[in-house]
Amino acid sequence: RLFAAVSGRADIFHVWDDFASQRGTIFSPEMWRRFFKPTYRKMFALAKSRGLYVWFHSCGVFPEVLPDLVDIGMDIWETVQAHLPGNDPASLKKNYGRHIAFCGAINTQQTLPFGTEEAVRREVRERIRILGKNGGYICRSDHVVKKETPARNIVAYIDEATNFRFPGCTSAK
């Protein structure tokens, strides 16, 4: 009914399900494949049948099942917590960048609230340089920006993301 109601009015189907922590999946990959994957496969197929992109939110680290999500039709993964072991931006881009777009990767646990303005700028440039090469990256914080984040760091983040240029380019990519 949801897909029928939004037919022709939406471009993206956004679904979320945090099944991982910052150390790995909450369930074994076998359990995830048995209980979660079939449901996601059906939901994603319904979205695709209506011409919608699948934007999937899940926090944490889940390298064992990320290929499954790509295989069943995930188009955009939010939120990439690039600071976590197992979520190395270069590896993610190399292994999945031809298949999905990445959303997030600007650290709201350390860099934004506690880093210097230059550290924020450096992280934003690095994430765009790696995850944004040839497209496929939505530069965004990996979670909600917390109230203790200094305004100067938020301004540096927005300024760097807005004004970033790939070497040799005269316009934003």
According to a 4.5 Å side-chain heavy-atom criterion applied to Ile, Leu, Val, Met, Phe, Trp and Tyr, with indirect links allowed, do [X] and [Y] form part of one hydrophobic cluster?
X	Y	answer
Val61	Ile76	no
Ile26	Trp77	yes
Val15	Trp32	yes
Leu69	Leu92	yes
Tyr96	Ile138	no

For Asp142 and Thr108, what are the C-alpha separation, side-chain angles and deciding distance, and is it a side chain to side chain donor-acceptor pair (under 3.5 Å)? CA-CA 6 Å; Asp142 60 12; Thr108 57; 2.7 Å; yes
Quick one, [X] and [Y] - any side-chain contact, counting heavy atoms below 4.5 Å?
X	Y	value
Glu78	His14	yes
Arg127	Pro89	yes
Leu112	Val145	yes
Asp17	Ser58	no

More than 12 heavy atoms of other residues, nucleotides or ligands under 6.0 Å from [atom1] of [X]: yes or no?
X	atom1	result
Lys146	NZ	yes
Asp11	CG	no
Phe19	CZ	yes
Arg33	CZ	yes
Arg125	CZ	yes

Could you tell me whether the side chain of [X] and the main chain of [Y] form a donor-acceptor pair under 3.5 Å?
X	Y	result
Tyr157	Glu123	no
Lys93	Ile130	no
Thr25	Ser28	no
Thr116	Ala119	yes

Worked check of side-chain contact (heavy atoms from CB on, under 4.5 Å) between Met74 and Leu66: CA-CA 9 Å; Met74 177 179 70; Leu66 185 54; 3.6 Å; yes
What I want to check is whether the side chains of Gln109 and His83 have a donor and an acceptor closer together than 3.5 Å. yes
I need the minimum non-hydrogen distance between [X] and [Y], along with the two atoms involved.
X	Y	answer
Asp75	Leu52	OD2-O, 4.3 Å
Tyr137	Ala105	OH-CB, 3.7 Å
Cys139	Val124	SG-CG1, 4.1 Å

Say you draw a straight line from [atom1] of [X] to [atom2] of [Y]; how long is it, rounded to the nearest 0.5 Å?
X	Y	atom1	atom2	answer
Asn87	Gln81	CG	CD	7.0 Å
Thr79	Arg140	OG1	CZ	5.0 Å
Cys59	His143	SG	NE2	3.0 Å
Asp68	Lys37	CG	NZ	3.5 Å
Ile158	Ile106	CD1	CD1	11.5 Å
Glu64	Glu30	CD	CD	9.0 Å

Could you tell me if the ring centre of Trp55 sits under 6.0 Å from that of His57? no
So, Phe3 versus Phe13, ring centres under 6.0 angstrom or not?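 Phe3 vs Phe13: aromatic centres under 6.0 Å.
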Given Phe102, Tyr40, Phe36, the one that forms ring pair (Phe, Tyr, Trp, His ring centres under 6.0 Å) with Phe56: Tyr40
Please lay out, stage by stage, how Asp159 and Arg121 fare under the test side-chain contact (heavy atoms from CB on, under 4.5 Å). CA-CA 8 Å; Asp159 180 60; Arg121 289 178 181 279; 2.8 Å; yes
